[in-house]
K.L.:
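Below are the structure tokens for one structure; questions will follow.
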Amino acid sequence: MFESIATALGPEFYQYLLAGLVTGLLYALIALGYTMVYGIIELINFAHGDLFMLGAFFALQLGIWVGAADAKGQATGQSAILAVAVMLVAAPVFCASLNVFVDRAVYKPLRTAPKLAPLVSAIGVSFIFMNAGVFWMGTYDLNFPALVPNTNLTPDWTVAITYQHLMVLLVTIPVMVGLTLFVRYTALGKAMRATAQNPTAAQLMGINVDRVITATFAIGGALAGVAAVVYGLYVNSAGYQMGFQTGLFAFTAAVLGGIGNIPGAVLGGILIGIIEKLGTGYVGDQWRQPLIFAILIVILIFRPNGILGARTREKV
Amino acid sequence: MQNSAAGNVNRRKFLALGGAGALALSGCGGGGDNKGDGKGDGKGGDGTPGAKETIRIVSSLPRTGSARGQTNTIVNGIQMAVEEYMADPKAKFVIDYKDWDDATAAAGAWDGPTEKANAQKAIADPDVMAYIGPYNSNAAKISMPELNEAGLVQISPAVTWPGLTKKIKGVAPDEPEKYQPFKPKRIHFCRVCTTDDLQGPLAADFAKEELKAKKVYILDDKELYGEGLAKLFKQRCDEIGIQVVGQEGIDTAAVEFGGLMTKIKATSPDLVYFGGTTQSKGGQIAKDLVKSGMTCPMLAPDGCYEQAFIDSAGAANLNDRTYVTIVGLDPSQLTGKGAEFVKKYKEKFKTDPEAFALYGYECAKVVLAAITKVGKKDREEIRKAVLATTKFTEGAVGGAEGWGFDRNGDTTLRQVTVSRVEGGKFVPKKTVTK
Amino acid sequence: MTLRGIAGYWMVAGFLLLAAVPFMQGRYVAIYGTQLIPVLCFAILALGLNVILGYTGLLHLGIAAFFGIGAYVAGILSTSGFPFGASFPVVVVVATLAAAAIGIATTAPTLRLRGDYLALVTLGFGIITVSVIRNLDAITDGTKGLTPVRPNFLPGFDDPVFDKTRPGWKDTWRGYPRLYFLCLAVLAGVVIFLRNLERSRLGRAWVALREDELAASCMGLNPARLKLSAIALGAGLAGLAGALFALSQDGTTEPRAYGFERSMLVICCIILGGLGNRPGVLLGVFILVGYDQIATPMIDNWMQEKKLNPNGKEYLKVSGWRLCIFGVALILMMRFRPEGLLPAARLKRELHPERDEVAGEAAAKLEAEDRGQRTEDRGQRTN
């Protein structure tokens, strides 16, 4: 079937699919942060996209410190591998700590408040993050050093696969597999699932719900940190507004897959990525945003709980 | 159910707050009334401090959000001009320059009500003799009618939409009259930058003559500036026989354009034209163009003529393949007073001046020259003097012959320079004067 | 006089105060008065969202889209590019109805969705609307916006020309202060209308739906119809606000003005002020929009005047910290007063049950008052 579609759509079709898959995996990483937090405390964390942005800034700063990039973010050609390694370790730690700190300082006192209170606080945190981003790196988009080369590995194919594509796949897929295993098999993972299902019951079973929430914010933040590094290395830029659309698409991905559902977030992310690229390719770049949301709405009309979302029965 | 006694107590507070607000309102009204409270700042006047009258010049530019970088350089330029004026012991007035913001935090960009309020504030303050700005053509549409009615001269360093000052065939039949409500007709708006109807077509000519382009793909950012330029560029392409293989508006909220580049690559153009600015992702477009493996050059307008464009795209992605047009001359081409300005700017701000710094400086220079000429605080006289500017050589861009305003308030300096990025810097290649 | 009467009196006082603004002395009064016109429009917009979010409890993240639809309908009906040339009453009514109709049409298919899924759909709707406005250049003129929005006041009559009696006053009804009074009157009308609506069968049904949808439907209320009516009214008010906004700006400005940020700001306004409570919502709008559009430029100018920041350092300007201050204010507010500055009585009791228990004369009095209230509420629910 793909063959016939592809001939109708032209040889670029596969390239769009690849670009969509790669971008989608990155959206999925961010979407996981949304979906996990939502699953546990039912908070739409509007600041998550901006956390991702700060992660990218931090990674860029690390690159400058290590000497892989000059002050303007241009690659110097030195210690690229070291820089990537440092970024992949330090940026997730940074984002995780920041996320946990924000949870402790802002969301924790609001656990029993009505649902809109943490939501508005999250918007507030997002403003603060953006302001911090402006003070940190200014208002212009910056270059993020291309530490992973953009060499075309398949010059004879219609699809150009580069080291950057491979890097995204090699980082994101193991992270997602690892996360799934973690949630499924470790004690903390089980505690998370239990808390997501019913916090009160989980507490009665002796689960430290506070610890679970902290862990969730830490993991969500770390995933955003990984995504920030990989995204920076893949698109080679960072700017204070990058968190907005990326965060929005990731959030959309989380809802599309069924919010609170981990495989759903991954599926949603990939779908959004592919829709985005095909939309640009066959409809027009200016229509990519409305197209994504239009498809989202249509899907939600038919599957009101997302693609993989469980049908919840009304609580009486 | 809102009408319990508890609600009542709060209503009292509500009123108290309202009262405080009213006090604040009348307070600022009162504060504004004590004239010339800036007299104490007369540090520039060596001879008789305090005896000089104060003239206020205001600028209304987006100082919050993504345009901040460019407006910083404009403000720097204005400040230099003001300082130069004040350093002159013969100066008759104390110039009090105010840098107003027409952007809001919530919008992150210029905002209609704020621009309008700025215009009105300037009108209401009798010390204000000139209004520099705005930065965005759409914002000009809002402040122009207000200022026109009040007869306060408005001079913009960056607004390039042609329709603000003159009729353009078949675009908007009621332009520019709808921005000039005052009867009888009077012109209050002028600009030191050339309009886009010069830059777009000349860029197309350059593409054909110098770049030998036969097939071109046109992108724009869907903004007044970028889309307008792209249209004018396309018109000229059709006239001179360059094939336009595709034209598309981009989603400026997006972070990357990999998919779009795949699409462009399939049409194998000789040139990609981008009508847009650094803020509307010029750097990312250039970067993704290279990443997609295309080798064709890219051409962009003066919205990308700034170091930030090179920095955001990464110099390696632009070198020897990216051309940017600019109205007027590159700062490095300047001689005489212009070169002096560049030198002084470098000393003061430790960076090379950007093209917009020149225009900020030029705006202020023109206004200050008019103030000197008129010699009194009279808006109407100053407006006339500014618009009557001819053979102006005191600023940075005039060169030896100088420039002036035509009867619409547009600059007579109809010059476009095309520069190529080489070694991470703009290197002027060709200057066309028309 | 009954307590209810006195309470109404405070609101009236607030409105009279606003109505007195144009008559105050001072050079800048006219400017701040002109700046208040969009604030009044935002107040109507916020009251519209309050119907959806405050009364009915539907989290709508795309209210600004209706605001934009209203503005663009006004633009289409009155700019010279279109053949309509409608007058002011037509513009306002059509804009309101169009926004309400679009609200119903777009919400009806998604009524099945709950909570955050509905929120996302409304967010998507908002983004789609702005993109469509932006991309359909043929109708909306893209990012240029439609200008000038200058409808006649009445069909068939020439506009009256007024004297410019005070500095800053305009000679047309479209300028300050006539438009200011007009917007204020519309706002007052909306407030009175909502006040009566709150106590009507429909208003009480909305609250019942918000508190417990299942219970409400068991009582024979039709949730779908109630939700649609709330959306229709909220969207209609937003459309009305949009039309007035376009009028005050003499154009539709840019599609960007109707985007996600505007929706967020309005949500912040009503939550900060007091969800579900009209005076609270109004207060929230005046504080937040006032901070953003009036206070920060004022402080920055003052700092320039006093030369507090001679080198123009970014981090020494208030405008540099605007977003941050905004964020911190929201967070502190939610932490220490989540019910908003002027909360609805019900929400306040829900969040601070301990205050009901405090002894003392005032509290006892309150309690007595509350008891009556509760009985009334109970009566409403069983309606």
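Here is how names work: the chains are called A, B, and so on, in the same order as the sequence lines, proteins then strands, and each is numbered from 1. These numbers come from a predicted model, not from an experiment.
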K.L.:
If you count heavy-atom pairs under 4.5 Å between each of E115(B), Q79(B), E223(B) and chain C, which one has the most?
P.N.:
E223(B)

K.L.:
Quiz question: by atom type and distance under 3.5 Å, do the side chains of Y345(B) and T351(B) form a donor-acceptor pair?
P.N.:
no

K.L.:
List for me each residue that meets salt bridge (Lys or Arg N to Asp or Glu O under 4.0 Å) alongside R150(C), sequence neighbours excluded, and say none if there are none.
P.N.:
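Partners of R150(C) under the salt bridge (Lys or Arg N to Asp or Glu O under 4.0 Å) test: D250(C).
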
K.L.:
Less than 3.5 Å apart, any donor N or O on the side chain of Q120(B) or Q35(C) sitting next to an acceptor on the other?
P.N.:
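No, no side-chain donor-acceptor contact under 3.5 Å.
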
K.L.:
In the structure I gave you, are the side-chain heavy atoms of P176(B) and L164(B) within less than 4.5 Å of one another anywhere?
P.N.:
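They are not in contact (no side-chain heavy atoms under 4.5 Å apart), so the answer is no.
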
K.L.:
Chain B: which of I37(C), T34(C), D141(C), L288(C) shares the most heavy-atom pairs with it under 4.5 Å?
P.N.:
T34(C)

K.L.:
Please list, one pair per line, the donor and acceptor atoms closer than 3.5 Å that link side chains of residues 13-20 of chain C to other protein atoms, with sequence neighbours excluded.
P.N.:
none

K.L.:
Counting only heavy atoms closer than 4.5 Å, note whether K98(B) contacts chain C via side chain, backbone, both or neither.
P.N.:
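Both backbone and side chain.
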
K.L.:
Any idea which of P113(B), A117(B), A139(B) has the most non-hydrogen atom pairs under 4.5 angstrom with chain C?
P.N.:
P113(B)

K.L.:
What's the shortest heavy-atom distance between V159(B) and S137(B), and which atoms?
P.N.:
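Scanning both residues, the minimum pair turns out to be CG1-OG, 3.7 Å.
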
K.L.:
Among G142(C), S131(C), G81(C), P148(C), which residue forms the greatest number of heavy-atom pairs with chain B at distances under 4.5 Å?
P.N.:
P148(C)

K.L.:
For chain B, find which of D137(C), T253(C), V289(C) contributes the most heavy-atom pairs closer than 4.5 angstrom.
P.N.:
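Option with the top pair count is D137(C).
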
K.L.:
Considering only heavy atoms, which portion of D221(B) lies under 4.5 Å from any heavy atom of chain C: side chain, backbone, both, or neither?
P.N.:
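Only the backbone of D221(B) comes within 4.5 Å of chain C.
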
K.L.:
Does any backbone or side-chain atom of K116(B) lie under 4.5 Å from a heavy atom of chain C? Answer side chain, backbone, both or neither.
P.N.:
side chain

K.L.:
For each of I142(B), D101(B), D99(B), tally heavy-atom pairs with chain C at distances under 4.5 Å, and name the one with the top tally.
P.N.:
D99(B)

K.L.:
Looking only at side-chain N and O atoms, does T160(B) offer a donor or acceptor that is under 3.5 Å from a partner on D196(B)?
P.N.:
yes

K.L.:
By a 4.5 Å heavy-atom criterion (distance strictly below it), what part of Y176(C) contacts chain B: side chain, backbone, both, or neither?
P.N.:
neither

